[in-house]
Amino acid sequence: MSSAASDPHLQIDSLSVRLGTFHLRDITLSCSRGEYHILMGPTGSGKSSLIKSVLGLIPIWDGCIRLHGRDITHDPPERRRMGYVPQNYALFPHLNVEENLRFAFKARNISRRDADSTVAELCGVLGIGQLLERRVDSLSGGERQKVALGRALAAQPEVILLDEPFSSIDEGARRALWFELKRIITEVGVTALHITHNLEEAYALGERLSILINGDLVQSGSKQDIFEHPLSEDVARYLNYRNIFPGVTERHPAGTSIGLGHFHVIVGRNIREGQQVRLCVRQQDIKIIREGSPLKDSLRRNILPGRIVSLLPLPESCLMWFKIDGSPNTYDLELKFPAYIRVRHKLSPGQSIRVALWEPNIILF
Amino acid sequence: MNRLFGIFTVGAASLLCFFFLFLIGSMIVELGQESALKAPRSSEIFFAIRLSLVTATAASLIALFVSLPVAYLLSRYTFFGKDLVDTLLDLPIVLSPIALGAMLLIFFNTPLGHEIERLFGPFVFEVKGIILAQFFVVVGLSIRLLKSAFEAIDVEYENLARTLGYNQVQVFLRVVLPMAGKGLLASFLLVWGRAIGEFGATVTLAGATPLKTETIPVAINLSFASADISSALVFITILIGISLGILFFLRKVDVFGRL
């Protein structure tokens, strides 16, 4: 796990939560001031339980939560100054948009003048001025999200926690709203902890990411760290990396050769001989060799001949399943490349081709 | 098979509706014939209506007030012995009202019962006894209805209000109660309707003294006992009118979906 940020605004130390038979174990996570932190993990991994315990809505078993150095572990939710945008937004149906935005003011005894100026400011940032009189059940998914965000920000929280904020929004509208949300959070300057199980959303929005699997925080770090150097097979599998093989290391003049059954892979690193390892190559790090074209150095060591088993064209990319010559398996490797490559290489099932592994990105556990 | 099932369901519903309409129709015909023979005493009618309205309203309001925290507790929290508490509080729903009235009568013959009567005045054979009997008959129903109304509210609204600075009491008053508004109104009306028609527990604890503890159901019983069919029919018609009025109102404000 990477080290915590130097000046943590929100610091979670060794947090344990027990919820019946499910446990969150020894969670340590930190966010610096103004950071946009993504907490991701598969469904049922405990992401929502973790943020509810941070909010004070679920009692914690052990550990400590600090906000700007102040221990808030045992503070009730109303005193934590943390904003919350739940998955379904939970806009109060008996109140209109403006009343929802003003809801926090009554609890915090904010003067009418300050309340008016905060609402005006939020309407400007969120672009929801025209919605103030509307009933919340007449709003679109994106409008609901903005009102929920505005309601949370109206309380001027130190940290905002967003629980799958795009889960109720149509696929087509999501991407535009990702950047809109990020823009608003950045403009307001609040620290954000955003939960998602969507990898693209995590990659697009997160500055730092943490991965929670089955109640354990298995990796925390920068976006590049997480996506390029997963620390375990569990993380790699969660990130949807399919090409994972068990192997044994052997000495090689160029570094280390890893025997993977019917083929082997050479890496430049020196690893002790006879060690059991697991090797992972991301789908996008396997390149199709265009015969006759010059090959980059990083691709020269691991060239594998074989044939295409099947192709799955998607709107923006294409998936390909590839069988190495002499392999007893149905297929050995899964590749992902831009959609135009299929047309350019005239790829079709059964075709014999050669592929090469991008050596710098070969991951070993 | 599908057609047969359709005929069966529609047939059962039609038969039942026809039966109820026939009951009401035959009573109206009978009322027309009896009224011509003998006019019921208006003072007794007004007394019974007034007493029923006052006692049913008081009992329902008290039941609602007591049920609110209990129903909220049962809808939101899990605790040791919850099933036992739930079962115990459901008892008035399934227990015969006469048995409940008898239990109250026996209770007021105990030292604690005597002490309560010393502090708050007599209950047995008194108007206060009617309110108490009606309260115990309807409180289980009131808890059950309010619990359903609270369970229909996603707990996430309450969580969210807590993060916006509201404590638990403020959340209950500013989020739960307004959101359960229609459910509360429906619960009150159904409980009130049940209370105004209550007979068994009332007659056992408060007796059936004309112009003293004579609610509408007691008046119907007294009229039948003295072969005064005209008065009985008038009281029955009033009770049907009240019941239909409540049900019609509940449908108009669309609250059945919440229960």
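Here is the naming used below: chain letters follow the sequence lines, and residue numbers restart at 1 for every chain.
No more than 12 heavy atoms of other residues, nucleotides or ligands shown are found within 6.0 angstrom of CZ on Phe18(B). Dense packing is recorded around CD of Glu187(A), with more than 12 heavy atoms of other residues, nucleotides or ligands lying under 6.0 Å away. Heavy-atom contacts from other residues, nucleotides or ligands closer than 6.0 Å to CZ of Phe79(B) number more than 12. No more than 12 heavy atoms of other residues, nucleotides or ligands shown are found within 6.0 angstrom of NE2 on His68(A). Shown here is Arg183(A), whose CZ atom has more than 12 heavy atoms of other residues, nucleotides or ligands within 6.0 Å.
Contacts with chain B were tallied for Pro86(A), Ala152(A), Ala155(A); Pro86(A) has the most, counting heavy-atom pairs under 4.5 Å. The choice from Pro77(A), Gly83(A), Ala104(A), Gly56(A) that makes the most heavy-atom pairs within less than 4.5 Å of chain B is Pro77(A).
The distance from atom CG of Leu55(A) to atom OG1 of Thr163(B), rounded to the nearest 0.5 Å, is 6.5 Å. Taking CD of Glu158(B) as the start and CG of Leu57(A) as the end, the distance is 10.5 Å to the nearest 0.5 Å.
Tyr166(B) places a side-chain N or O within donor-acceptor distance of the main-chain N or O of Phe103(A), the cut-off being under 3.5 Å.
With a 4.5 angstrom heavy-atom cutoff, Arg81(A) does not touch chain B via any of its atoms. Contact of Ala148(A) with chain B is not made at all, since no heavy-atom distance falls under 4.5 Å. Contact of Leu161(A) with chain B is not made at all, since no heavy-atom distance falls under 4.5 Å. Only the side chain of Asp154(B) has a heavy atom closer than 4.5 Å to any heavy atom of chain A. Heavy-atom distances place the backbone of Tyr89(A), and not its side chain, under 4.5 Å from chain B.
Of all non-hydrogen atoms in Leu164(B) and Arg108(A), the two that sit nearest each other are C-NH2, 3.7 Å. Across all non-hydrogen atoms, the minimal contact from Ala161(B) to Phe92(A) is CB-CZ, 4.2 Å.
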From CA spacing to verdict: side chain to side chain contact (heavy atoms under 4.5 Å, CB included), Glu78(A), Asn167(B): CA-CA 6 Å; Glu78(A) 59 269 28; Asn167(B) 61 33; 3.4 Å; yes
Steps toward side chain to side chain contact (heavy atoms under 4.5 Å, CB included) verdict (Arg80(A), Arg162(B)): CA-CA 10 Å; Arg80(A) 295 195 177 201; Arg162(B) 296 291 304 277; over 6 Å; no
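The side-chain heavy atoms of Lys106(A) and Arg174(B), taken from C-beta on, include a pair separated by under 4.5 Å.
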